Amino acid sequence: MSLLDPCDNIILITDSYKITHWKQYPPKTTRLYSYFESRGGRFDDTVFFGLQYILKRYLCGRVITDEKIAEAKEFCRKHFQRESLFNEDGWRHIVRKHDGRLPLRIRAVAEGTVIPTQNVLFTVENTDPAVPWITNWFETLLLQCWYPITVATLSRAQKVIIAQYMKETADSLDRVTIQLHDFGYRGVSSVEQAAIGGAAHLVNFIGTDTLAGIQLISKYYGEDMAGFSVPATEHSTMTAWAASENPDALFDGELRACEYMLKEFPDGIISVVSDSYDIYECCEKIWGQKLKDMVIERGRHASGNVLVIRPDSGEPIEVLPRILDILYEAFKADCTVNSKQYKVLPHYLRIIQGDGISIDSLRTILERIKQTGFSVENFVFGSGGSLLMRVHRDTNRCAFKCSYAEIDGKPVNVYKDPKTDPKKSSKKGLLCLEYNEETKKFITHEEQQNSDKRVQCRDLLHTVYENGVLLKEYTFQEIRDNAKVTVDGHRI
Ligand SMILES: O=C1OCCC/C1=C\Nc1ccccc1
């Protein structure tokens, strides 16, 4: 019976079929070299992010031990119902000769780099000719980079959209980094996925309720507090105030809940979900009448005192324009028009739309807001499952393929070129990644083992890991800087 948690025995963090691959490669194979790429799909560019977490969490240090070998050996005997499919000698060699450190070299593009698909993002190769099979053993784990890459890419694509509408309707782009808030912790499949996806979103934004993402960045990327949030209600804290179920009691309860929020949190930003019964009535009669003076007074106290109203149901393109009209009627005196000729609610009043937000709906909603004549700066958006969960490995078709081998001392290009799917063809030989300053383009050069194909260029693949040691780390700020969006010459 397994004494170890699945994450604890790195030897078994692989696919069953890989366990027997050491017996399949040509005899006298001494070197296997593989690469990771996004073959493209939903997005033309990808944000490279998340490898450092995998390396530090799973592959650094003395990760192979006799105990783990014994456990894996016994596991395989039972799993395949056969003896000796497990490469006991190979793993023991790693313990004896490398003190349990993996004889691998991993070279990668800087984390946070925004790079067109079909470019090499990282390479993996064995550093000990005795164990070439080790290179592809870890494809399974390393390929899981597809998730942080795809979430960071999806999150950044939404930042581009928001930035465009802010450029058109707002005076400044300063608030863009808070305008997409991560609501996704509950909508993913595990705490680890929340941590990885939550971290990937924070490459592009600073607003999150997914604490696991902040913790991952703190532990693996050295930034103590990479994401922020504010006091906010949920339906339970609003509806618990209703004394009975008659309609007046519901309205009365919501009124007392809203008033209680203003009194309990007199300063700073607070968000109040306002659709428990009737979002329009709540905006008109509670925020716009009963508590209007308290809202204004609270706002007058300090510029940072903001009430954020949260609708949470209905079609946003119908609900938001109506809310804007209601709030404009009630707070007209303090509304302004910005330099782009769009209306802005008083500084102490904003709206967060945290329902139905995805990359597909965002543009439509922003376009609808623009049509109302209100600035997008009046809004923050929240996204949950659509941000962290509505992705898969084929969203951008991430792949890990072997491209080069040395067999009996001879270099060999290794590649696939399926007649049945040319899009699945893979690159050949040793690779390097160039950014050409003239053409402003990334180029992946292939077959660099051949002197006639070799290019003299600054290779953007840096050795980040070798023989169990992390050789190059990126700070989260560097990663955020690399991934910034350029709008009007501003990097945001
Ligand atoms: O309203 C808000 O204002 C800004 C702070 C966060 C927030 C709500 N959070 C949330 C989290 C998970 C599911 C739903 C909402």
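Whatever order the structure lists them in is the order used to number ligands and atoms, beginning at 1. These numbers were taken from a predicted model, which means no experiment stands behind them.
Among protein heavy atoms, atom 4 (C) of ligand 1 sits closest to V230 CG2, 3.7 Å. Summary of contacts: the protein heavy atom closest to atom 9 (N) of ligand 1 is D209 OD2, 2.8 Å. F183 CD2, 3.7 Å is the protein heavy atom nearest to atom 14 (C) of ligand 1.
Under a 4.0 Å criterion applied to the non-hydrogen atoms of H181, ligand 1 contributes the atoms 5 (C), 6 (C). Residue S271 approaches ligand 1 through these ligand atoms, each under 4.0 Å from one of its heavy atoms: 1 (O), 2 (C), 3 (O). Interface atoms of ligand 1 facing S229, defined by a heavy-atom separation under 4.0 Å, are 5 (C), 6 (C). Residue-ligand proximity, R186 to ligand 1, at heavy-atom distances under 4.0 Å covers atoms 12 (C), 13 (C).
Side chain to side chain, T475 and E478 meet the donor-acceptor criterion of an N or O pair below 3.5 Å.
Under the 4.0 Å criterion applied to side-chain N and carboxylate O atoms, E315 and R368 are not assigned as salt-bridge partners. Ion pair R322/E318 not flagged as a salt bridge, since none of the NZ, NE, NH1 or NH2 atoms sits closer than 4.0 Å to an Asp/Glu carboxylate oxygen. The pair R42-D360 counts as a salt bridge, with a side-chain nitrogen and a carboxylate oxygen less than 4.0 angstrom apart.
Which of G187, G184, A232 comes nearest to atom 7 (C) of ligand 1 through a heavy atom is settled by distance: it is A232.
L388 is listed as a side-chain neighbour of Y147, based on a closest heavy-atom distance under 4.5 Å. At least one side-chain heavy atom of V319 sits less than 4.5 Å from a side-chain heavy atom of Y280.
Of the possible donor and acceptor atoms, one in the side chain of N378 sits under 3.5 Å from a partner among the backbone N and O of S375.
In this structure, V308 falls outside the shell of residues with a heavy atom less than 4.0 angstrom from ligand 1.
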